[in-house]
Amino acid sequence: MPKGIYTKYSISFALLAAMMCVLFIWNINSGSVHLSVEEIGEILLRRTGEDTSYHIVWDIRLPRILSAVILGGALSVSGFLLQTFFANPIAGPFVLGISSGAKLVVSLVMIVLLGRGICSAGMILAAFAGSMISMGFVLMISGKVKKMSMLVICGVMISYICSAITDFVVTFADDANIVNLHNWSMGSFSGTSWENVRVMTAVIFLALLLVFLMAKPIGAYQMGEVYARNMGVNILRFRVALILLSSILSACVTAFAGPISFVGIAVPHLVKSLFKTAKPILMIPGCFLGGAVFCLFCDLAARTVFAPTELSISSVTAVFGAPIVIYMMVHNRKNMQ
């Protein structure tokens with residue numbers, strides 16, 4: 001790799017890391033209780049400080065911020081995998097209805113087990129089942145339609161159907177605690193516990209490790225199926241692995257934070273524009289950092305713009321992500337036909 005290219009990539013990673021650090025501290029600092037940078041340093045590094053501030057940082061803000069970093073990064077990588085699989089720049093978990101399928105099954109499981117409780121693993125399995133059901137429909141449709149634009153439209157229709165069924169079930173669910181389910185279905189990083197953070201970290205870290213190990217086959221697949229096959233890639237196994245990993249990543253996000261829109265589409269495009277390449281060895285960590293930065297920024301806006309009222313994280317990501325998707329559709333219209 002030429003020295004100039006290496007320097008450019010290093011600067012890009014450093015920029016993303018710096019933005020994440022700034023937003024990380026900004027998120028800890030922002031809220032109904034203002035904390036100075038000095039106070040934050042004392043609480044995080046020395047674990048000392050006033051009891052209320054200590055509780056706010058360690059039990060409320062820090063788990064929420066870490067979940068935004070981990071889940072935002074996972075959703076972005078999931079979008080990159082789906083865009084690679086379908087060779088479509090606007091393919092993503094939300095647009096193709098995968099997140100909505102996960103939302104539907106998780107909602108049904110939560111309603112059935114609301115009084116008895118459901119563990120984190122159960123939520124992830126329910127979301128994964130819903131993701132695979134929706135993915136199955138998308139794959140069936142992709143074999144029938146010739147235009148990629150039709151695939152996207154069908155994915156949107158699947159999303160609407162799943163969302164409509166979910167809203168119907170939630171409306172007629174007879175439980176006082178259904179308000180919590182409704183808030184979850186709108187998308188939010190709030191209410192995350194350290195147990196949730198540990199579970200999502202373990203699942204997503206393992207999935208990302210497997211994705212990173214597949215960087216070389218992904219790069220070959222981007223050059224076309226014939227090229228990938230000539231390079232020794234088993235196309236069938238590769239596709240199955242790509243679907244499973246992208247579904248696990250998006251399912252984990254939906255299980256803990258609800259459906260979050262446009263992150264999986266917009267962020268990979270922004271990262272490609274930043275690095276000026278689509279090489280998986282760079283895009284995978286780049287997408288993770290980019291997704292973390294994007295979700296940290298959107299969560300900060302959701303908490304503070306109309307404080308004390310908190311906005312749905314999915315609404316905020318749509319406000320910032322939808323214009324990027326529109327731009328992509330206009331400038332990639334030939335590929336969408």
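- In the hydrophobic clustering of ILVMFWY residues, with side-chain heavy atoms under 4.5 Å counting as a link, M157 and V325 come out together.
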Would you mind writing out the side-chain donor-acceptor pairs for residues 127-134 within the sub-3.5 Å range, not counting sequence neighbours?
{"unit_1": "S131", "atom_1": "OG", "unit_2": "A127", "atom_2": "O", "d": "2.9"}
{"unit_1": "S134", "atom_1": "OG", "unit_2": "G97", "atom_2": "O", "d": "3.2"}
{"unit_1": "S134", "atom_1": "OG", "unit_2": "G130", "atom_2": "O", "d": "3.4"}

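- E225 meets the side-chain hydrogen bond (donor to acceptor under 3.5 Å, both in side chains) test with R239; sequence neighbours excluded.
- To the nearest 0.5 Å, atom CZ of residue F256 and atom CE of residue M200 are 5.0 Å apart.
- Separation of the F13 and F275 ring centroids falls under the 6.0 Å cut-off.
- Two rings, from F297 and F320, have their centers less than 6.0 Å apart.
- For the atom pair CG (L210) and CG (L244), the distance works out to 10.5 Å, reported to the nearest 0.5 Å.
- Side chains of Q83 and I265 form a contact here, defined as non-hydrogen atoms less than 4.5 Å apart.
- Between T317 and F262 the shortest heavy-atom distance is O-CB, 4.0 Å.
- In this structure, V138 and C154 have side chains that are not in contact, with every pair of non-hydrogen atoms separated by 4.5 Å or more.
- S100 contributes no side-chain N or O that, together with a main-chain N or O of S163, makes up a donor-acceptor pair within less than 3.5 Å.
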Might you work through the side chain to side chain donor-acceptor pair (under 3.5 Å) test for S250 and S99, ending with a clear yes or no? CA-CA 7 Å; S250 61; S99 293; 5.4 Å; no

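- Rounded to the nearest 0.5 Å, atoms CZ (F24) and CG (L300) are 13.0 Å apart.
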Could you list the donor-acceptor pairs under 3.5 angstrom formed between side-chain atoms of residues 70-81 and any protein atom two or more places apart in sequence or on another chain?
{"unit_1": "S76", "atom_1": "OG", "unit_2": "C287", "atom_2": "O", "d": "3.0"}
{"unit_1": "S78", "atom_1": "OG", "unit_2": "S246", "atom_2": "O", "d": "2.9"}

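- Nearest heavy atoms, V233 versus A220: CG2-CB, 4.3 Å.
- Counting only heavy atoms from C-beta outward, the side chains of M223 and M231 never approach each other to under 4.5 Å.
- Of the possible polar contacts, none joining the S30 side chain to the N27 backbone as a donor-acceptor pair under 3.5 Å is found.
- The heavy-atom pair separating A207 from I248 by the smallest distance is CB-CG2, 4.3 Å.
- For the pair N196 (side chain) and T192 (backbone), a donor-acceptor distance under 3.5 Å is absent.
- Each of I28 and I60 belongs to its own hydrophobic cluster when Ile, Leu, Val, Met, Phe, Trp and Tyr are linked at side-chain heavy-atom distances under 4.5 angstrom.
- Linking ILVMFWY side-chain heavy atoms closer than 4.5 Å, directly or via other members, places L206 and V199 in two distinct hydrophobic clusters.
- Here the CE-CH2 distance, from M19 to W26, works out to 11.0 Å after rounding to the nearest 0.5 Å.
- Counting heavy atoms from C-beta on, the side chains of L242 and I218 come closer than 4.5 Å.
- No side-chain donor-acceptor contact under 3.5 Å links Q222 to the backbone of T84.
- Scanning both residues, I313 and S188, for their nearest heavy atoms gives CG2-N, 3.4 Å.
- I11 and V22 fall into different hydrophobic clusters, where Ile, Leu, Val, Met, Phe, Trp and Tyr residues are linked whenever their side-chain heavy atoms come under 4.5 Å apart, directly or through other members.
- Applying the side-chain contact (heavy atoms from CB on, under 4.5 Å) criterion to S315, with sequence neighbours excluded, gives S312.
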Kindly determine whether K272 and V267 satisfy side chain to side chain contact (heavy atoms under 4.5 Å, CB included), including the steps that lead there. CA-CA 9 Å; K272 286 177 186 177; V267 174; over 6 Å; no

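- The shortest side-chain heavy-atom distance between L245 and L208 does not fall under the 4.5 Å cut-off.
- Taking 4.5 Å as the limit, some side-chain heavy atom of L16 sits within range of a side-chain heavy atom of L274.
- Minimum interatomic distance between T254 and P259 (heavy atoms only, all atoms of both residues): CG2-N, 4.2 Å.
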Go through L66 and W194 one step at a time and tell me if the side chain to side chain contact (heavy atoms under 4.5 Å, CB included) criterion holds. CA-CA 9 Å; L66 289 174; W194 280 108; 3.5 Å; yes

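- Open room surrounds CZ on F137; 12 or fewer heavy atoms of other groups in view lie less than 6.0 Å from it.
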Trace of the side chain to side chain contact (heavy atoms under 4.5 Å, CB included) decision for S247 with I243: CA-CA 6 Å; S247 296; I243 290 171; 4.1 Å; yes

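- Within the model, atoms CD1 of I204 and SG of C252 stand 4.0 Å from one another, a figure rounded to the nearest 0.5 Å.
- Checked by atom type and distance alone, the side chain of R303 never pairs as donor or acceptor with a backbone atom of E310 at under 3.5 Å.
- Applying the ring pair (Phe, Tyr, Trp, His ring centres under 6.0 Å) definition to pairs two or more places apart or across chains, those involving residues 202-251 are Y221-F238.
- In terms of the side-chain hydrogen bond (donor to acceptor under 3.5 Å, both in side chains) criterion, residue partners of D59 (sequence neighbours excluded) are, by chain and number, H55.
- In this structure, the side chain of R61 does not engage the main chain of I56 through any donor-acceptor pair within 3.5 Å.
- Partner of V69 under the side chain to side chain contact (heavy atoms under 4.5 Å, CB included) criterion, chosen from L289, L296, T201: L296.
- For the pair I65/F189, no side-chain contact is recorded, criterion being any heavy-atom separation below 4.5 Å from C-beta on.
- Contact between P63 and V57 at its shortest, heavy atoms only, is CD-O, 4.1 Å.
- Counting only distance, with no hydrogens or angles, the side chain of S159 and the backbone of G155 share no donor-acceptor pair below 3.5 Å.
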